[in-house]
Undergrad: 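I have a structure here, written as structure tokens, and I will follow up with some questions on it.
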Amino acid sequence: MDNEAVDQEQDATARRRLRRRVLVASVAGCAVLGGVLALLPSGPGPARPPAPAPGARALTAVTSGVPASLPDLAALIERRERRVRDRPRDAVSWAVLGAAYVEQGRRTARPAYYPKAEKALRTSLKVRARNAGALDGMAALANARRDFGAALTWAEAALKADPKRWTAYPQLIDAHTGLGRYKEAERALDRLLKLRSGPAVRATAAAVYRDRGRDEDAAAALSDAAAGARTPVERAAYLERAGQLAFERGDTDVALRHFREAVRLDPDQRAALAGQGRALAALGRTAEAVTAYRAALARQPRPEYALELGELYESQGLGHAARVQYDLLRERAARATAAGVDEELVLGRFEADHGDPESAVDRLREEWRRQPGIAVADALGWALHRAGDGEEALRFARRATDRAKGGTVRSALYSYHLGMIERELGREGPARRHLQEALRISPRFSPTLVPRAQEALQELGEPSLEDVPDFEDWSAGE
């Protein structure tokens with residue numbers, strides 16, 4: 001046999017051996033598999049526990065202080081409406097229904113839900129007085145209506161009825177903040193942190209940290225809240241807040257990523273869509289910004305979104321389109337006011353820049369008397385400036401930025417307002433510092449105001465020696 005034939009015979013022998021090994025292994029594998037199958041229970045096996053029904057998911061969210069999806073809220077409302085028709089003395093169901101109405105009104109910016117919420121919550125209290133759930137709901141309703149004095153009263157009553165009711169503390173904190181009582185808000189947060197932890201509490205803490213100028217702590221708290229969220233809707237809500245904070249800090253690209261992720265997780269997260277509009281406008285992507293604002297307004301017609309879109313149109317020289325948005329702002333604010341919502345702050349801001357500054361001053365003076373928060377101080381200061389009263393304007397603008405008086409929010413807008421008021425009064429050194437500070441905090445905080453700040457700084461020129469604090473003492477020491 002020649003060498004080639006020998007090689008072919010050896011290859012054939014090797015292939016036969018390999019086939020025998022594979023056959024043995026297959027038989028052994030089947031035997032093992034058969035043994036495993038024999039150990040498994042017969043039949044289809046136990047079914048997985050069913051997912052909670054939409055109404056049940058919303059009930060869990062509403063009663064535990066976390067965001068709920070709009071479809072789940074609608075299902076919860078439908079079920080509770082049927083239940084109270086069948087059992088009109090069910091105080092708990094009336095309280096849950098009222099809280100769900102509040103959340104639906106807040107999420108959709110449909111103020112018509114608020115009178116329905118008040119009726120349901122008051123019915124619950126009528127059926128059972130000192131009802132902590134209904135008292136908590138009344139506090140949430142008052143905050144949604146921007147009636148912070150009433151919110152404070154209701155939240156304190158809820159905690160008196162049930163001192164360990166942790167969901168009343170975020171309402172208490174919002175009320176203190178709206179009234180300009182920032183130290184009280186911090187103390188309420190301390191009590192909350194002793195009672196409860198978790199994503200909703202971290203998000204509440206972030207708001208307090210932000211109001212006290214602790215931006216890094218606020219960002220970390222929101223990151224923790226988003227990481228610990230149990231549902232996409234909850235995570236989206238925390239990401240939207242993180243986007244707001246990032247935008248305020250000048251991190252526009254980061255803000256846009258947060259807003260987009262929030263909308264991806266929850267398409268009904270319209271605040272995040274408006275945030276996208278804000279960020280895109282700051283980045284100069286005007287057409288995309290307009291689209292985002294329109295989408296937000298279509299499902300959540302907040303007057304402040306109409307104001308922002310109108311100002312964006314105005315910055316592009318589209319005066320007619322801007323006026324259409326301003327008319328919508330007035331219309332939506334009137335509807336909200338009819339439902340008990342306080343829209344004086346946004347109306348005052350609008351009138352100061354686009355309407356009647358004297359009317360803005362009247363509105364905001366009354367608002368300051370009732371609810372002296374930082375945002376009102378800034379808006380009133382600017383309205384006074386626009387109305388020609390620079391000295392009084394300066395007092396309020398300083399209050400909005402003065403740490404000693406609670407104004408610790410690092411806001412580019414507040415610094416811009418203060419700088420422009422100082423410039424009008426001929427205080428060039430402070431004006432320069434505060435306008436530079438505004439652009440340092442957020443170089444793109446407004447498509448309309450950033451160019452004005454830059455132009456004002458150019459007119460102010462370089463600082464003189466008189467602008468340097470204590471220059472004579474410093475030079476003498478040298």
Side-chain angles (χ1 to χ4, degrees), residues 51-128 131-147 150-151 154-155 157-158 161-162 165-171 174 199-200 203-204 229-238 240 266-271 299-302 336 339-341:
R57 287 196 300 263
L59 175 62
T60 300
V62 166
T63 56
S64 61
V66 300
S69 74
L70 291 182
D72 286 0
L73 276 171
L76 174 62
I77 287 171
E78 183 181 1
R79 289 186 179 191
R80 292 292 158 159
E81 285 176 339
R82 287 200 306 265
R83 188 173 181 88
V84 296
R85 281 196 297 268
D86 296 337
R87 301 180 182 179
R89 302 288 299 171
D90 185 345
V92 172
S93 288
W94 279 113
V96 169
L97 178 59
Y101 282 144
V102 173
E103 183 67 3
Q104 190 84 329
R106 188 187 66 80
R107 288 289 309 276
T108 62
R110 299 290 197 276
Y113 281 104
Y114 294 151
K116 297 170 73 173
E118 182 171 1
K119 181 179 179 181
L121 292 166
R122 289 192 181 277
T123 301
S124 179
L125 289 169
K126 185 177 180 180
V127 172
R128 191 172 75 201
N131 174 351
L135 293 168
D136 195 349
M138 289 295 290
L141 173 61
N143 275 324
R145 284 171 155 171
R146 289 187 50 81
D147 186 352
W154 289 115
D162 182 1
R165 187 177 181 84
W166 74 269
T167 54
Y169 276 100
Q171 307 305 331
D174 285 350
T204 298
R230 295 183 179 180
T231 67
V233 172
E234 184 184 2
R235 178 172 166 78
Y238 303 147
E240 188 274 328
D266 178 12
D268 288 319
Q269 179 50 256
R270 301 298 164 174
R299 295 289 296 277
Q300 196 181 39
R302 295 190 181 279
V341 181

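Here, residue 1 is the first one in the sequence, and each next residue gets the next number. Quick note: numbers below take in every heavy atom, side chains included, and nothing from hydrogens, waters or symmetry partners.
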Undergrad: Work out which heavy atom in A144 is nearest to a heavy atom in V102; give both atom names and the distance.
TA: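 Looking at all heavy atoms of both residues, the closest pair is CB-CG1, 4.3 Å.
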
Undergrad: Within the 4.5 Å heavy-atom criterion, are P67 and Y238 side-chain neighbours or not?
TA: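 Counting from C-beta outward, P67 and Y238 do come under 4.5 Å.
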
Undergrad: Is there a donor-acceptor pair closer than 3.5 Å between any side-chain N or O of R145 and the backbone N or O of A339?
TA: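 Confirmed, R145 side chain pairs with A339 backbone.
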
Undergrad: Is R107 paired with D266 through a side-chain N to carboxylate O contact shorter than 4.0 Å?
TA: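 Yes.
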
Undergrad: Decide if atom CZ of R82 counts as having more than 12 heavy atoms of other residues, nucleotides or ligands within a radius under 6.0 Å.
TA: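 Check passes, neighbour count above 12.
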
Undergrad: For a quick test of reading the model, state the closest non-hydrogen atom pair linking Q171 to A140 and the distance between them.
TA: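 Scanning both residues, the minimum pair turns out to be OE1-CA, 3.3 Å.
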
Undergrad: Please walk me through it: do T108 and R299 pass side-chain contact (heavy atoms from CB on, under 4.5 Å)?
TA: CA-CA 6 Å; T108 62; R299 295 289 296 277; over 6 Å; no

Undergrad: Indicate whether any N or O donor in one side chain lies under 3.5 Å from an N or O acceptor in the other, for E118 and Y113.
TA: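 No pair is found: no donor N or O on one side chain lies under 3.5 Å from an acceptor on the other.
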
Undergrad: Check P111 against A109 and note the closest heavy-atom contact, atom names and distance.
TA: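 Looks like CD-O, 3.2 Å.
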
Undergrad: Should V96 and R83 count as side-chain neighbours, where that means a heavy-atom distance under 4.5 Å?
TA: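 No, their side chains stay 4.5 Å or more apart.
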
Undergrad: If we only count heavy atoms from C-beta on, is the D268 to P71 side-chain gap below 4.5 Å?
TA: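 Answer yes - side chains close enough.
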
Undergrad: Indicate yes or no: at least one non-hydrogen side-chain atom of R80 is less than 4.5 angstrom from one of L59.
TA: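 Touching, per the 4.5 Å side-chain cut-off.
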
Undergrad: Are Y101 and R110 close enough that some pair of their side-chain heavy atoms sits under 4.5 Å apart?
TA: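 When only atoms from C-beta onward are counted, R110 and Y101 do not touch, as no gap falls below 4.5 Å.
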
Undergrad: My understanding is that only one of T204, D136, N143 makes a side chain to side chain contact (heavy atoms under 4.5 Å, CB included) with P170; could you say which?
TA: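 Considering T204, D136, N143, a side chain to side chain contact (heavy atoms under 4.5 Å, CB included) with P170 is found only for T204.
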
Undergrad: Going from OG on S69 to CD on E103, what distance comes out if it is rounded to the nearest 0.5 angstrom?
TA: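 One gets 10.5 Å once the value is rounded to the nearest 0.5 Å.
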
Undergrad: Restricting to non-hydrogen atoms, name the atom on A158 and the atom on A168 that form the minimum distance, rounded to 0.1 Å.
TA: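 The answer is CB-CB, 4.1 Å.
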
Undergrad: Would you say W94's side chain and P88's backbone share a donor-acceptor pair under 3.5 angstrom?
TA: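 Yes, because the side chain of W94 sits within donor-acceptor range (under 3.5 Å) of the backbone of P88.
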
Undergrad: Look up atom CG in L76 and atom CD in E81, then write down how far apart they are to the nearest 0.5 Å.
TA: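 With rounding to 0.5 Å, CG (L76) is 9.5 Å from CD (E81).
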
Undergrad: Taking the side chain as C-beta and beyond, is there a heavy-atom pair between M138 and L125 under 4.5 Å?
TA: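 M138 vs L125: side chains touch.
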
Undergrad: Using modelled atom types only, decide if a donor and an acceptor are shared between the side chain of Y114 and the backbone of A336 within a distance under 3.5 Å.
TA: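 No; judged by distance alone, with no hydrogens or angles, the pair does not exist.
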
Undergrad: Heavy atoms, side chains only, cut-off 4.5 Å: are K126 and R122 in contact?
TA: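 They are not in side-chain contact.
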
Undergrad: Please confirm whether the backbone N or O of A91 pairs with a side-chain atom of S124, one donor and one acceptor, at under 3.5 Å?
TA: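 Indeed, once roles are kept as given, a pair shorter than 3.5 Å links the two residues.
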
Undergrad: Main chain of L73, side chain of Q104: is a donor-acceptor contact present, judged purely on distance under 3.5 Å?
TA: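 Pair absent, no side-chain N/O of Q104 close to backbone of L73.
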
Undergrad: Using 0.5 Å steps for rounding, measure from the CG atom of D72 to the OG1 atom of T231.
TA: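 Result: 8.5 Å between the selected atoms.
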
Undergrad: Can you confirm whether R230 sits close enough to P199 that some side-chain heavy atom of one is under 4.5 Å from a side-chain heavy atom of the other?
TA: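 No; the side chains remain at least 4.5 Å from each other.
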
Undergrad: Over all heavy atoms of both residues, which pair between V66 and A200 is shortest? Give the atoms and the distance, please.
TA: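 Taking every non-hydrogen atom into account, CG1-CB, 3.9 Å.
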
Undergrad: Taking E240 for its side chain and A236 for its backbone only, find out whether a donor-acceptor pair lies under 3.5 Å.
TA: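 No, the answer is negative, given that no donor and acceptor are paired below the 3.5 Å cut-off.
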
Undergrad: From N131 CG over to T123 OG1, what is the distance, rounded to the nearest 0.5 angstrom?
TA: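 Spacing of CG (N131) from OG1 (T123) equals 11.5 Å.
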
Undergrad: Give me the atom names and distance for the closest heavy-atom approach of A161 to A132.
TA: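 That closest heavy-atom pairing would be CB-CB, 4.2 Å.
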
